[in-house]
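The structure displayed is predicted, hence computed values, not measured ones.
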Amino acid sequence: MQTPTYLAAELRLPTNWLDYTILAIYFVVVLGIGFAARRSVKTSLDFFLSGRSLPAWITGLAFISANLAATEILGMAANSAQYGVYTVHWYWIGAIPAMVFLGLVMMPFYYSSKVRSVPEMLLLRFDKWAHLLSSALFAFAAILISGVNLYALAIVVEALLGWPQWVAIVVAGAFVLAYITLGGLSSAIYNEVLQFFVILAALIPLVVLGLKKVGGWDGLTDTLTKNQGADFTSAWGGTGIGSDNPLGANWLTIVLGLGFVLSFGYWTTNFAEVQRALSAKNLSAAQRTPLIAAFPKIFIVFLVMIPGLAAAALIPGFGTEESGYQYNDAIPYLMEQLLPNGVLGIAVTGLLAAFMAGMAANVSSFNTVFTTDIWARYVVRDREDGYYVRFGRLITVVGVAASVGTAFLASSFSNIMSYLQTLFSFFNVPMFVVFIVGMFWKRASAKSGFWGLLAGTVAAMVNYFWIYKQGIIDIPTDQGANFVSAIVGFVAGAVVMFAVSMFTAPKPAEELRGLVYGTRSPGMSEAPAAGDDAWYRRPALLGWGAIVLAAACYIPFSF
């Protein structure tokens with residue numbers, strides 16, 4: 001996507017004392033949750049995984065809130081202003097199937113193995129080299145992505161409230177550091193639940209007032225069809241193979257690159273998300289975590305897409321130099337034009353909450369992986385449990401400080417959403433191929449995990465930085481290049497794993513129990529607790545319901 005990073009300077013919001021009071025109350029509540037959660041932190045399991053004690057509805061809302069960072073809110077609204085209804089693909093095909101797969105297929109393996117992180121699963125299935133490489137790659141990626149959230153927050157706050165970028169970065173980083181250091185994952189999760197509702201309170205007024213301004217849904221679609229063409233309000237229009245469209249992708253690369261490789265790579269192996277499910281109180285709750293999250297995910301697309309469409313309808317040529325606005329200005333523009341004071345304060349608070357949720361998810365997953373997978377296993381081993389809790393708090397400080405540094409690194413990229421998708425193709429997709437091959441193929445050897453992960457990462461980077469950036473093959477857009485890089489990384493990782501496995505010995509069958517599909521560990525046969533037979537506690541029913549609902553949503557946008 002070619003969405004510029006900087007917001008228009010003229011979008012300074014007319015905030016007053018009421019708006020700042022609402023913002024101050026929010027920050028006080030956030031810190032209060034951190035202090036309250038601190039009392040429950042007695043062991044490292046409490047700090048890193050909330051003692052595996054949380055109910056499914058809490059972890060489900062935290063799961064979706066951790067994903068609903070303001071980079072997504074601003075970026076997907078910008079995406080809609082530029083590309084129109086194509087945005088629905090990132091939700092209905094680019095999220096829901098993978099979330100259902102995580103809940104129904106992968107969570108039994110994750111939860112029953114009692115691992116504390118996603119990389120630790122590779123230690124059990126493959127060897128220490130696959131584990132160490134995946135831990136290092138994930139920790140590095142988590143800091144980069146956390147920095148993107150901080151930088152995006154800074155440019156929004158500078159444009160809307162007039163704060164210097166460095167002030168916004170330091171203040172937001174300090175608040176996230178405070179509540180995660182105090183209460184660990186529990187503090188992050190309970191704040192994410194609060195942030196989910198604050199984000200909704202910020203977006204819903206924009207959608208309602210935006211639609212009213214453009215004459216309702218019919219007025220919106222009529223205007224966009226007249227100004228942008230019929231494909232702008234169609235999910236699949238113009239995506240035939242060989243057809244030109246602004247997205248630079250056809251239906252095949254959308255389905256394979258986004259719907260399968262990038263989507264499954266992100267949702268099933270990104271520990272920032274999976275960590276929320278691992279904190280659930282039992283296997284059933286862990287499975288239901290991404291499934292509960294899938295239902296709001298289906299409809300959140302309307303909350304981020306409609307503001308972008310409304311901005312494009314209200315100002316012809318929105319996002320072009322002649323309009324005076326950039327695509328990233330869609331939501332701030334509507335906030336300035338439509339929201340009264342008080343509601344404006346809620347909207348600003350919602351944006352800040354979204355940024356903090358995204359950053360907190362990455363920082364809390366970073367401190368867990370660095371402490372349990374790198375430090376405790378390879379550097380300082382066999383110390384008392386309290387030592388690792390203290391170290392976890394210390395490395396959280398380091399992680400936030402590093403995020404501040406990478407926030408300034410992110411400023412060198414002109415497109416934060418494409419930057420994020422590029423990082424996912426480099427780090428999440430190769431890990432997914434190692435997981436999926438190892439989970440479904442018993443013959444995959446211990447050594448194949450490391451080499452498959454390395455090959456997939458290198459191949460995705462080579463495709464992006466050499467084949468695409470150097471113009472070896474013409475790919476129209478950064479986003480299209482990300483789809484292709486994801487496919488290349490997946491194929492390269494799978495081919496190398498197959499080749500290495502042919503020349504190295506597989507792990508003994510007894511060591512694969514509960515780690516390969518078709519085998520079971522004792523925890524995977526966990527019997528439902530009393531009362532767990534209600535329909536809303538059945539993972540399979542929830543999962544298939546989400547798939548059917550997401551597929552049905554495509555119907556009105558396909559003709």
Walk me through it: do Ser365 and Phe138 pass the test side chain to side chain contact (heavy atoms under 4.5 Å, CB included)? CA-CA 9 Å; Ser365 59; Phe138 176 81; 3.4 Å; yes
I would like to know whether Leu194 and Tyr190 meet side chain to side chain contact (heavy atoms under 4.5 Å, CB included); could you show each step before the answer? CA-CA 6 Å; Leu194 168 66; Tyr190 282 113; over 6 Å; no
Any side-chain to backbone donor/acceptor pair from [X] onto [Y]? Under 3.5 Å, distance only.
X	Y	result
Ser135	Ile374	no
Thr181	Ala178	no
Lys507	Leu124	yes
Ser65	Leu61	no
Trp92	Ile298	yes
Thr396	Gly392	yes
Ser112	Phe109	no
Arg125	Gly438	yes
Asp127	Ala130	yes
Ser501	Ser445	yes

Evaluation steps, side-chain hydrogen bond (donor to acceptor under 3.5 Å, both in side chains), between Tyr266 and Glu273: CA-CA 9 Å; Tyr266 175 82; Glu273 299 292 339; 3.0 Å; yes
Between Trp267 and Phe63, is the ring pair (Phe, Tyr, Trp, His ring centres under 6.0 Å) condition met? List the steps. CA-CA 10 Å; Trp267 290 103; Phe63 188 98; 5.8 Å; yes
[X] versus [Y], closest heavy-atom pair with distance:
X	Y	result
Ile199	Leu68	CG2-CD2, 3.5 Å
Tyr111	Leu278	CE1-O, 3.7 Å
Ala142	Phe366	CB-CB, 4.1 Å
Ala141	Phe427	CB-CD1, 3.5 Å
Thr43	Asp385	CA-OD2, 3.2 Å
Ala202	Ala347	CB-CA, 3.6 Å

Got a sec, which residues hit salt bridge (Lys or Arg N to Asp or Glu O under 4.0 Å) with [X], two or more places apart in sequence or on another chain?
X	result
Glu384	Arg390
Arg377	Glu120
Lys281	none
Lys447	none

Are [X] and [Y] packed together at the side-chain level, in the sense that at least one heavy-atom pair is separated by less than 4.5 angstrom?
X	Y	result
Ser113	Met121	yes
Met439	Val105	yes
Phe391	Arg383	no
Phe101	Pro290	no
Ile145	Phe424	yes
Val496	Ser448	no

Evaluate the side chain to side chain contact (heavy atoms under 4.5 Å, CB included) criterion for residues Lys128 and Leu123: first the C-alpha distance (whole Å), next the side-chain angles of each, then the deciding distance (0.1 Å), finally the verdict. CA-CA 5 Å; Lys128 68 176 184 179; Leu123 176 65; 4.1 Å; yes
Say you draw a straight line from [atom1] of [X] to [atom2] of [Y]; how long is it, rounded to the nearest 0.5 Å?
X	Y	atom1	atom2	result
Asn367	Thr372	CG	OG1	9.0 Å
Ile143	Ser403	CD1	OG	4.0 Å
Leu45	Ser53	CG	OG	8.5 Å
Asn428	Thr457	CG	OG1	10.0 Å
Leu104	Leu542	CG	CG	9.0 Å
Ile73	Leu203	CD1	CG	5.0 Å

Could you give all pairs that pass the salt bridge (charged side-chain N to carboxylate O under 4.0 Å, His left out) test and reach residues 176-196, with sequence neighbours left out?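 Applying salt bridge (charged side-chain N to carboxylate O under 4.0 Å, His left out) to every pair that reaches into residues 176-196, excluding sequence neighbours, yields Glu192-Arg276.
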Of all residues at least two apart in sequence or in a different chain, which pass the ring-ring contact (aromatic ring centres under 6.0 Å, His included) check with [X]?
X	result
Tyr26	none
Phe435	Tyr110
Tyr517	Phe440
Phe498	Trp441

Criterion side chain to side chain contact (heavy atoms under 4.5 Å, CB included) on Asn270 and Asn67, from CA distance to verdict: CA-CA 10 Å; Asn270 182 17; Asn67 169 253; over 6 Å; no
Please list, chain by chain and in numerical order, all residues satisfying side chain to side chain contact (heavy atoms under 4.5 Å, CB included) with Lys42, sequence neighbours excluded.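 Here the qualifying residues are Asp46.
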For Val398, give me all partners under side chain to side chain contact (heavy atoms under 4.5 Å, CB included), at least two apart in sequence or on another chain.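 Here the qualifying residues are Ile395.
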Phe490 ring center near Phe260 ring center (under 6.0 Å):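 So the answer is yes for these two rings.
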Quick check: are there more than 12 heavy atoms from other residues, nucleotides or ligands sitting under 6.0 Å from CZ of Phe302?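 It does: Phe302 CZ has more than 12 such atoms within range.
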Residues two or more places apart in sequence or in another chain: which of them pass side-chain hydrogen bond (donor to acceptor under 3.5 Å, both in side chains) with Trp375?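 Applying side-chain hydrogen bond (donor to acceptor under 3.5 Å, both in side chains) to Trp375 gives Tyr387.
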Check each of Phe450, Phe126, Tyr378 against His131 using the ring-ring contact (aromatic ring centres under 6.0 Å, His included) test, and report the only one that passes.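 Single ring-ring contact (aromatic ring centres under 6.0 Å, His included) partner of His131 among Phe450, Phe126, Tyr378: Tyr378.
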